[in-house]
Amino acid sequence: MSNKTLNYIIIGLYLISLFTESFSGSGGVYGIFALIFGGLSIFIENLFAFGAWIANIPFLIAFFRKLKLNTKLTLSGIAVLLGILAVFVTDLPMHMGSSTSPVKIGIGFYFWIGSLTLLFGKNLMEYIKLNKK
């Protein structure tokens, strides 16, 4: 599979994750809203949610920036590790932040973590191929 095809799959999975439920529960949260408002989770002291939200930054840098392969591999690995923190999110603010609601990860999480993991795998394969010579 070519790098271009892998890039399309990676960005496709990421885009799908934005329009599916990243967290489900009494008030499901679509990925686009998790991306837009996830950074605010630091103010409610939900460090797992904030850490998972932060995963988007190294992922997007590793995907879009022209960087050394070592840097891309490191950033994409950090993104995967931070992304896993979403599994530990048990409640999120609902109803304009006046209360919290229990949640669990939804199907959008799997598309999102899949895109992060695939980027890491792609960078790892390139790194191995480059260092085999």
Side-chain angles (χ1 to χ4, degrees):
M1 190 176 301
S2 73
N3 274 345
K4 194 173 189 177
T5 303
L6 273 176
N7 285 341
Y8 286 132
I9 293 170
I10 290 166
I11 205 66
L13 289 172
Y14 193 87
L15 289 173
I16 290 169
S17 77
L18 294 176
F19 299 101
T20 53
E21 276 191 337
S22 56
F23 294 100
S24 60
S26 63
V29 177
Y30 282 86
I32 189 78
F33 298 115
L35 180 62
I36 293 170
F37 299 111
L40 299 176
S41 59
I42 191 69
F43 296 117
I44 59 165
E45 298 175 4
N46 191 333
L47 297 181
F48 291 129
F50 185 70
W53 177 80
I54 288 288
N56 291 291
I57 296 169
F59 168 79
L60 293 171
I61 291 170
F63 188 81
F64 288 110
R65 297 285 308 227
K66 300 278 187 211
L67 301 168
K68 291 182 180 180
L69 186 55
N70 290 349
T71 306
K72 283 185 164 195
L73 181 61
T74 302
L75 286 172
S76 58
I78 289 169
V80 171
L81 292 174
L82 287 170
I84 292 170
L85 292 176
V87 173
F88 301 105
V89 175
T90 57
D91 61 335
L92 290 172
M94 298 292 165
H95 313 294
M96 300 218 195
S98 62
S99 64
T100 61
S101 177
V103 294
K104 59 183 180 178
I105 56 173
I107 189 73
F109 165 80
Y110 296 104
F111 287 115
W112 178 70
I113 201 72
S115 69
L116 272 60
T117 305
L118 195 55
L119 179 63
F120 176 71
K122 175 186 159 246
N123 290 333
L124 183 60
M125 288 188 298
E126 287 179 19
Y127 179 82
I128 290 169
K129 190 188 314 180
L130 185 67
N131 289 312
K132 224 176 196 181
K133 296 178 182 179

With a 4.5 Å cut-off on side-chain heavy-atom distances among I, L, V, M, F, W and Y, is there a chain of contacts connecting I36 to L92?
yes
Which value, rounded to the nearest 0.5 Å, describes the distance between I9 atom CD1 and I11 atom CD1?
12.5 Å
Output the distance between atom CD1 (I78) and atom CZ (F120), rounded to the nearest 0.5 Å.
10.5 Å
Shared hydrophobic cluster, I84 / L47 (ILVMFWY, side-chain heavy atoms < 4.5 Å):
yes
Is L40 reachable from V29 through a run of hydrophobic residues whose side-chain heavy atoms are each under 4.5 Å from the next?
yes
Report the distance from atom CD1 of I16 to atom CH2 of W112, rounding to the nearest 0.5 Å.
15.5 Å
Among Y8, F59, F111, find the one that has a ring-ring contact (aromatic ring centres under 6.0 Å, His included) with Y14.
F59
Can you tell me how far apart OG (S22) and CD1 (I107) are? Round to the nearest 0.5 Å.
11.5 Å
Any heavy-atom pair between the side chains of N123 and L75 that's under 4.5 Å?
no
Might you work through the side-chain contact (heavy atoms from CB on, under 4.5 Å) test for F109 and V87, ending with a clear yes or no?
CA-CA 9 Å; F109 165 80; V87 173; 3.9 Å; yes
Kindly give the heavy-atom pair with the smallest separation between S2 and T5, and that separation in Å.
OG-OG1, 3.0 Å
Shortest non-hydrogen contact between D91 and N46, atoms and distance
O-ND2, 3.1 Å
Heavy-atom pair with the smallest gap, counting every atom of L119 and A62:
CD2-CB, 4.0 Å
Measure across P58 and A55 and return the closest heavy-atom pair with its distance rounded to 0.1 Å.
CD-O, 3.4 Å
Taking the side chain as every heavy atom from C-beta outward, state whether T71 and T74 have any pair of such atoms under 4.5 Å apart.
no
Shortest non-hydrogen contact from K72 toward R65
CE-O, 3.3 Å
Kindly say whether G114 contributes a backbone atom to a donor-acceptor pair with the side chain of T117 at under 3.5 angstrom?
no
Do the side chains of V80 and Y127 join up, straight or via other hydrophobic residues, at under 4.5 Å, putting them in one cluster?
yes
To the nearest 0.5 Å, how far apart are CG in L118 and CG in N7?
9.0 Å
So which pairs with a foot in residues 110-126 pass salt bridge (Lys or Arg N to Asp or Glu O under 4.0 Å), sequence neighbours left out?
K122-E126
Could you report the tightest heavy-atom contact between G108 and S17, atom names first, then the distance?
O-CB, 3.3 Å
Could you tell me the separation between the CG atom of L13 and the CG atom of L18, rounded to the nearest 0.5 Å?
11.0 Å
Determine, using the 4.5 Å side-chain heavy-atom cutoff (strictly less than), whether I57 and L116 are members of one ILVMFWY cluster.
yes
Which label fits F33 and Y30: parallel for a plane angle under 30°, tilted from 30 to 60°, or perpendicular past 60°?
perpendicular
